[in-house]
Amino acid sequence: MSESLEERCYQTLRDNTIEAAGEHIYTAPDKTYYGHQWLWDSALAVHAWSIKHPERAAREISSLLKRGQWNDGMVPNTVINDSETDAFLWNSKRVSDAPRAWATSGITQPPLLAQATWETAKQLPDDERQAFLDDTLWRVAYYHDWLYRTRDFSDDGLVSVVHPYETGMDNNPALAEHMAQIDWRVPNVAIRALRRTVAMVRQDTKRFPAEERATLDATTYATLATLRMRHTGYNPARLANEPFRVQDVHFNSILARNNDILAEMADEAHAPLSDFLLDKFRQTRDNFELLWDDKEQMYFSRDDVTGDLLRTPTIASLMPLYAGDLPAGHEAALLQHLQDPESFGAPVGIPSTPLNSPQYRHPGYWDGSTWPFTNYLLTDGLARAGYTDLTASLDRTFLESVDTHGSREYFSPETGRGYGTSNFSPTASLALIALQRQTS
Ligand code: GLC
């Protein structure tokens, strides 16, 4: 089974490969539906490519940074490929810091670039490795610098997302619920009108059944966030006054781990990081426990405006397992939630929302389904912490689903059946990483 599954997964990555302007290359999530270069999709593809084709991986990460990174350091969630609608929606070229040659979005996505860079560097031959790090490391460090310079609104080392899509989990119920409750300083009638417009123009529910996509409410508030950001010209000082600012636990877990990797790479490459960054890295770790809730025995995202925790459990609550370095009791509590059959311990993979939550939908989108991104992060963290049996069993059920249903976008945590697009690079990437883990 494994050999042909491996070949099929590489084929998916090859099918979705797009070359841009000669020198650039990337793996689109699914050429037929998502043609842009997406930050965390690309990071996963880079990790998968690095296993056997590290030069290909190096070219992809370099393309993302060289095409997409803004002058102020921001790395957008998408470098737009051929879509006038998306280019119009984000209108990045109006912003002086944005790239001139490519349209991009104006928001970022989970900061997984240090890990992708490191996986690649480790696989490159010695003579290419230093040159790759020299070219890439400062760009990734500059991105982390941007996150702390512009998104650490409370100056406590926990950065905020200002758009739900920055978490990569579009309709994560904790954030979706919060968005429906806050005061957007917009008349209700305008929100109702926007909801009607979104219902008419959204494309995903024309291609897939509505119960397999984000709810209309979640998509409406996400669109509202887009319109407001666009209106501020993505200006950090103005974003600091926006009503939606969340210290997302998933985003900060990824940041904490990628800070560690960045520091390790900088040591190895003899390229010291600034004191500002090193201080911020420490602050993120020191203040991480502000996101812990003793009553529920898990971590939650925190409203940066009021300081309140958003106590709706989602897979984001488990993500500190990827960050690692947790107080022992907190790690044990998360492992218990992860394995509880009534909660996250589903038959197939780790559901994006626990099975016993009132918010859980089947198959749902980020409010139900098992996704490759989050399963990648959690298995990575579990393997690093030495939970080999648990990692192996999560890898096995994931691989069985991919083998049976193909590289689908997301899966039912109850049956393993696949949904969404059908040649999805992040799924193929995680399968290749899991296959590699099985043999090492
Ligand atoms: C969806 C997912 C997001 C992903 C993108 C491209 O928007 O929610 O996480 O990056 O598709 O695959």
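Ligands are counted one by one from 1 in listed order, and the atoms in each one are counted from 1 as well.
Ring orientation note: the planes of H163 and Y165 are tilted relative to one another, at an angle of 30° to 60°.
Below 4.0 Å from some heavy atom of P29 lie the following atoms of ligand 1, by number and element: 6 (C), 12 (O). Distances below 4.0 Å separate heavy atoms of F424 from the following atoms of ligand 1: 12 (O). Below 4.0 Å from some heavy atom of W366 lie the following atoms of ligand 1, by number and element: 2 (C), 8 (O), 9 (O).
Nearest non-hydrogen protein atom to atom 7 (O) of ligand 1 is D170 OD2, 2.9 Å. In this structure, atom 11 (O) of ligand 1 lies nearest to the protein heavy atom Y34 CE2, 3.5 Å. Residue, atom and distance of the protein heavy atom nearest to atom 1 (C) of ligand 1 are Y365 OH, 3.6 Å. In terms of protein heavy atoms, atom 12 (O) of ligand 1 is closest to D41 OD2, 2.6 Å. Scanning the protein for heavy atoms near atom 9 (O) of ligand 1, the closest one is G168 O, 2.5 Å.
Salt-bridge check for R228 with E242: passed, with a basic side-chain N closer than 4.0 Å to an acidic carboxylate O.
A donor-acceptor contact shorter than 3.5 Å is absent between the side chain of E119 and the backbone of T117. Judged by distance alone, with hydrogens and angles left aside, the side-chain atoms of R257 form no donor-acceptor pair with the main-chain N or O of G324 at under 3.5 Å.
The number of heavy-atom neighbours closer than 6.0 Å to NZ of K122, taken from other residues, nucleotides and ligands shown, is above 12.
The closest side-chain heavy-atom distance from V402 to F424 is not below 4.5 Å. Y221 has its side chain out of reach of E177: every pair of non-hydrogen atoms, C-beta onward, lies at least 4.5 Å apart.
At under 3.5 Å, a nitrogen or oxygen of W40, whether backbone or side chain, sits near a nitrogen or oxygen of ligand 1.
Contacts with ligand 1 closer than 4.0 Å are made by side-chain heavy atoms of Q109 only, the backbone lying farther away.
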